[in-house]
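Worksheet: one structure, shown below.
Throughout, residue positions are numbered sequentially from 1 according to the sequence presented.
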Amino acid sequence: MTATQAGRLAAPAPTPARPAPAAPPHYLRRMARFIVLRAALRGRLSWPAALLTLQWLEGGQ
């Protein structure tokens, strides 16, 4: 094994993309909506709970 091959094997795994520490609120709300809807579609969250969460995210009462 050459030094180049050994360096490739020891390279860290890529990390998932993360928003910047000062991500804009609209981006965070959009990502939260995506996560809630995905959880409801996959059956990990009930639809009534998902709808209440989405309403809360939009600032509704």
Side-chain angles (χ1 to χ4, degrees):
M1 179 178 327
T2 66
T4 306
Q5 290 171 336
R8 280 192 213 133
L9 293 176
T15 57
R18 294 183 192 160
H26 65 87
Y27 173 78
L28 298 176
R29 280 192 303 272
R30 187 175 69 208
M31 291 307 299
R33 281 194 306 264
F34 173 75
I35 291 168
V36 168
L37 288 172
R38 185 175 59 183
L41 286 170
R42 292 181 178 179
R44 296 179 182 188
L45 183 64
S46 70
W47 278 104
L51 293 174
L52 285 173
T53 303
L54 292 171
Q55 183 179 10
W56 177 77
L57 284 171
E58 295 300 319
Q61 296 293 348

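Residues forming a salt bridge (charged side-chain N to carboxylate O under 4.0 Å, His left out) with Arg29 (at least two apart in sequence, or on another chain): none.
Screening Ile35, Val36, Leu37 for a side chain to side chain contact (heavy atoms under 4.5 Å, CB included) involving Thr53 leaves a single residue, Val36.
For residues 35-52, no pair satisfies salt bridge (charged side-chain N to carboxylate O under 4.0 Å, His left out), with sequence neighbours left out.
Taken to the nearest 0.5 Å, the CG atom of Leu57 stands 11.0 Å off from the CG atom of Leu52.
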Query raised in the report: side-chain contact (heavy atoms from CB on, under 4.5 Å) between Trp47 and Leu41: does it pass, once the steps are laid out?
Result: CA-CA 8 Å; Trp47 278 104; Leu41 286 170; 3.7 Å; yes
